[in-house]
Amino acid sequence: MTSATQLFTAFIAMGVILIALEIIVPGGILGAFGALSLLIAIGMGFVAFGPQGGLLAALCVVLFSAAVLAAWIKLFPHTKMGKILTLQKDGSTFKSISLTPSPLIGKEGVALSNLHRAGIALIDGKRTDVLSETAFIAAGTPVKVVKVEGNRIIVREIQATPPKSSGEQKGSAV
């Protein structure tokens with residue numbers, strides 16, 4: 001076997017393996033390198049087998065790839081892994097995000113954790129993941145929901161009411 005034939009075989013194998021790995025590690029990079037390996041294999045087919053053999057090798061690679069893709073599309077959703085990774089419903093009964101104002105807006109609660117922009121607050125008796133409108137809110141501080149954006153609940157610290165003027169305070173020494 002010549003080195004060109006070995007490279008042809010190696011690029012075919014590498015392309016198939018990389019495309020198969022794309023299933024386990026999604027993201028497109030492995031699949032793109034696998035497709036590139038198959039294209040290089042087609043080029044190496046022309047070097048290894050000449051013009052007629054290269055054309056035949058290219059045709060075989062393209063037809064084999066198309067057949068595998070068609071079989072994959074038909075069979076994969078019915079496998080155990082396919083049922084985990086693919087959507088099994090048609091989506092006609094899915095609910096979209098409501099455009100009506102959230103019932104949480106205006107509700108008051110207390111920060112259960114320090115809100116370093118994000119944390120947990122007790123709102124309506126439920127622990128809720130929240131974002132602070134300001135940079136920091138200490139745990140135990142009363143908070144109020146000011147905005148809801150999708151699943152982001154934004155709270156603001158409720159400022160303590162300032163004491164009345166010094167003349168109205170009981171027992172104050174002037």
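One-based numbering along the sequence shown.
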I want to check something: taking the side chain as every heavy atom from C-beta on, are Glu22 and Phe33 in contact at a cut-off of under 4.5 Å? no
Between Thr5 (side chain only) and Ala48 (backbone N and O only), is there a donor and an acceptor less than 3.5 Å apart? no
First locate atom OG of Ser113, then atom CD1 of Ile137, and finally report the distance between them rounded to the nearest 0.5 Å. 10.0 Å
If only atom types and distance count, is the side chain of Glu157 paired as donor or acceptor with the main-chain N or O of Pro142 below 3.5 Å? no
Look up atom CD1 in Ile12 and atom OG in Ser65, then write down how far apart they are to the nearest 0.5 Å. 7.5 Å
Could you tell me the separation between the CG atom of Asp129 and the CG atom of Asn151, rounded to the nearest 0.5 Å? 9.0 Å
Distance in Å, Trp72 CH2 paired with Ile19 CD1, rounded so as to fall on 0.5 Å steps: 11.5 Å
Identified side-chain contact (heavy atoms from CB on, under 4.5 Å) counterpart of Met44 within the set Leu7, Leu39, Thr9: Leu7
Could you note down all residue pairs passing ring-ring contact (aromatic ring centres under 6.0 Å, His included) where residues 128-149 supplies at least one of them, sequence neighbours left out? His116-Phe136
Distance-minimising heavy-atom pair for Ala111 and Ala138: CB-O, 3.7 Å
Is the closest side-chain heavy-atom distance between Ile123 and Val155 below 4.5 Å? yes
I'd like to know if Leu36 and Phe46 are part of one continuous hydrophobic network [Ile/Leu/Val/Met/Phe/Trp/Tyr, side-chain heavy atoms within less than 4.5 Å]. yes
Treat each ILVMFWY residue as a node, draw an edge where side-chain heavy atoms are under 4.5 Å apart, and state whether Val61 and Leu55 are in one component. yes
Can Met14 be reached from Val25 by stepping across I, L, V, M, F, W or Y side chains whose heavy atoms are under 4.5 Å apart? yes
Side-chain heavy atoms under 4.5 angstrom apart, residues restricted to Ile, Leu, Val, Met, Phe, Trp, Tyr: same cluster for Ile17 and Ile29? yes
Minimum heavy-atom separation for Ala57 to Phe49, with atom names? CB-CD1, 4.3 Å
Please check if Leu30 and Phe11 belong to a single hydrophobic cluster, counting links between Ile, Leu, Val, Met, Phe, Trp and Tyr side chain heavy atoms closer than 4.5 Å. yes
Leu18 and Ser37 have their tightest heavy-atom pair at CD1-OG, 4.1 Å
When you look at CD of Gln52, are more than 12 heavy atoms from neighbouring residues, nucleotides or ligands closer to it than 6.0 Å? no
If you compare all heavy atoms of Phe8 against all heavy atoms of Ala41, which two are closest, and at what distance to 0.1 Å? CD1-O, 3.0 Å
Measure the shortest side-chain to side-chain distance between Val143 and Val130 over non-hydrogen atoms and say whether it is less than 4.5 angstrom. no
Determine whether Leu131 and Arg117 make a side-chain contact, defined as any pair of heavy atoms from C-beta on separated by less than 4.5 Å. yes
Is the closest side-chain heavy-atom distance between Leu38 and Ile42 below 4.5 Å? no
To the nearest 0.5 Å, how far apart are NZ in Lys144 and CZ in Arg156? 8.0 Å
d(Leu122 CG, Thr128 OG1) to nearest 0.5 Å is 7.0 Å
